[in-house]
**Q** 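Structure in structure tokens, see below.
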Amino acid sequence: MSLLPPEDEGDGVEVAWEDQQRINTFSKLNNRLTDIQDLLKQKNEEKEYYDDLSMELELADSDSEPILYKLGDSFFHLSLRDARKQLKSDLKRYESEIEGLESKKNDCESGMKDLKVQLYAKFGKQINLETGP
């Protein structure tokens, strides 16, 4: 008993071991892509916070009062000059992390695209590799 409409049933192409490996690889890439997208979203939000902080530090008047700056899970009193230096280094780090994640995201998408071509060529409508809602 099939759940597909009769016009979509096809001729029942047999799934070879290599095809199953491609399907598994596609699934792994899809999961990895989802994780990377979540990380990218988080890193971009954190970078926005640092950008906002950068604007606030630009508006700061003098070096008279120390600034509380968060490093990891701790807060430290830093001078305005030191806080700006630390912020600059943190922004560079976030930018490089985001670039690395973008590169990994592109690699996953390109691998998934190649596998889609191969699997749709063999299975046609009998396989669904669409990832969106």
Side-chain angles (χ1 to χ4, degrees):
M1 178 173 172
S2 175
L3 298 176
L4 291 174
E7 63 273 2
D8 290 344
E9 276 190 27
D11 57 358
V13 176
E14 187 174 322
V15 179
W17 184 84
E18 294 84 12
D19 299 325
Q20 187 61 51
Q21 295 304 331
R22 288 185 189 111
I23 293 168
N24 292 346
T25 302
F26 182 87
S27 177
K28 288 177 194 174
L29 287 173
N30 186 39
N31 289 336
R32 189 174 305 144
L33 179 63
T34 302
D35 292 342
I36 289 170
Q37 288 171 333
D38 291 343
L39 267 173
L40 261 173
K41 182 179 176 185
Q42 176 188 357
K43 293 292 181 186
N44 280 321
E45 286 175 1
E46 290 174 8
K47 186 179 176 294
E48 272 186 46
Y49 296 142
Y50 278 101
D51 288 336
D52 292 344
L53 177 60
S54 176
M55 293 291 277
E56 291 293 324
L57 288 181
E58 290 298 321
L59 298 174
D61 291 342
S62 67
D63 206 14
S64 62
E65 287 187 39
I67 296 171
L68 277 176
Y69 195 92
K70 184 177 180 185
L71 294 171
D73 292 334
S74 302
F75 287 91
F76 293 91
H77 288 280
L78 298 177
S79 67
L80 181 60
R81 194 178 101 243
D82 290 341
R84 285 181 179 159
K85 279 172 71 175
Q86 183 63 42
L87 178 64
K88 188 176 180 180
S89 114
D90 288 345
L91 278 170
K92 283 182 182 178
R93 182 175 47 89
Y94 272 98
E95 287 170 358
S96 69
E97 287 176 9
I98 289 171
E99 285 176 17
L101 288 171
E102 288 286 350
S103 172
K104 289 179 183 179
K105 176 185 167 193
N106 291 337
D107 291 345
C108 286
E109 287 173 341
S110 113
M112 288 171 65
K113 183 179 177 184
D114 293 343
L115 288 169
K116 271 186 183 182
V117 168
Q118 294 172 13
L119 292 168
Y120 276 134
K122 180 162 184 178
F123 296 106
K125 290 184 178 181
Q126 292 179 331
I127 190 167
N128 181 14
L129 299 173
E130 299 308 315
T131 57

**Q** Using every non-hydrogen atom in the two residues, find where Lys70 and Tyr50 come nearest and quote the distance to one decimal.
**A**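 What the structure gives for the nearest pair is O-OH, 4.4 Å.
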
**Q** Please answer whether the main-chain N or O of Arg93 pairs with a side-chain N or O of Ser96 as donor and acceptor at a distance below 3.5 Å.
**A**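 A pair under 3.5 Å: yes.
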
**Q** Using side-chain heavy atoms (C-beta onward) and a distance below 4.5 Å, is Leu39 in contact with Asp35?
**A** no

**Q** What are the two closest non-hydrogen atoms of Ala83 and Ile67, and how far apart are they?
**A**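 Minimum heavy-atom separation between Ala83 and Ile67: CB-CD1, 4.3 Å.
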
**Q** As an exercise, state the distance from CG of Asn44 to CD of Glu95, rounded to the nearest 0.5 Å.
**A** 10.5 Å

**Q** Going from CG on Leu87 to CD on Glu56, what distance comes out if it is rounded to the nearest 0.5 angstrom?
**A**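 Answer for the CG-CD pair, Leu87 versus Glu56, is 11.5 Å.
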
**Q** Would you mind writing out the side-chain donor-acceptor pairs for residues 18-25 within the sub-3.5 Å range, not counting sequence neighbours?
**A**
unit_1	atom_1	unit_2	atom_2	d
Asp19	OD1	Arg22	NH1	3.0
Asp19	OD2	Ala16	N	3.2
Asp19	OD2	Lys122	NZ	2.5
Gln20	NE2	Asn24	OD1	3.0
Arg22	NE	Gln118	OE1	2.9
Asn24	ND2	Gln20	O	3.4
Thr25	OG1	Gln21	O	2.8

**Q** What distance do Arg32 atom CZ and Lys104 atom NZ have between them, rounded to the nearest 0.5 Å?
**A** 9.0 Å

**Q** Side-chain donor-acceptor contacts of residues 107-114 below 3.5 Å, not counting sequence neighbours, with atom names and distances?
**A**
none

**Q** Considering all heavy atoms of both residues, which atom of Ile36 and which atom of Leu101 are nearest to each other, and what is their separation?
**A** CG2-O, 3.5 Å

**Q** Nearest 0.5 angstrom please: Glu97 CD to Gln42 CD, how far?
**A** 9.5 Å

**Q** At what distance, to the nearest 0.5 angstrom, does CG of Leu78 lie from CG of Leu57?
**A** 10.0 Å

**Q** Between the side chains of Tyr69 and Gln86, does any donor sit under 3.5 Å from an acceptor?
**A**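 Side-chain D/A pair, Tyr69 to Gln86: absent.
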
**Q** For Glu14 versus Phe123, what's the shortest heavy-atom pair and its separation?
**A** O-CE2, 4.2 Å

**Q** Any idea which heavy atoms bring Phe26 and Lys116 closest together, and the distance?
**A**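 Nearest heavy atoms, Phe26 then Lys116: CE1-CG, 3.7 Å.
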
**Q** Do Leu68 and His77 come close enough that some side-chain heavy atom pair is under 4.5 Å?
**A**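 Yes, close enough: below the 4.5 Å cut-off.
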
**Q** Are any non-hydrogen side-chain atoms of Tyr120 and Asn128 less than 4.5 angstrom apart?
**A**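 In short, these two side chains touch, coming nearer than 4.5 Å.
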
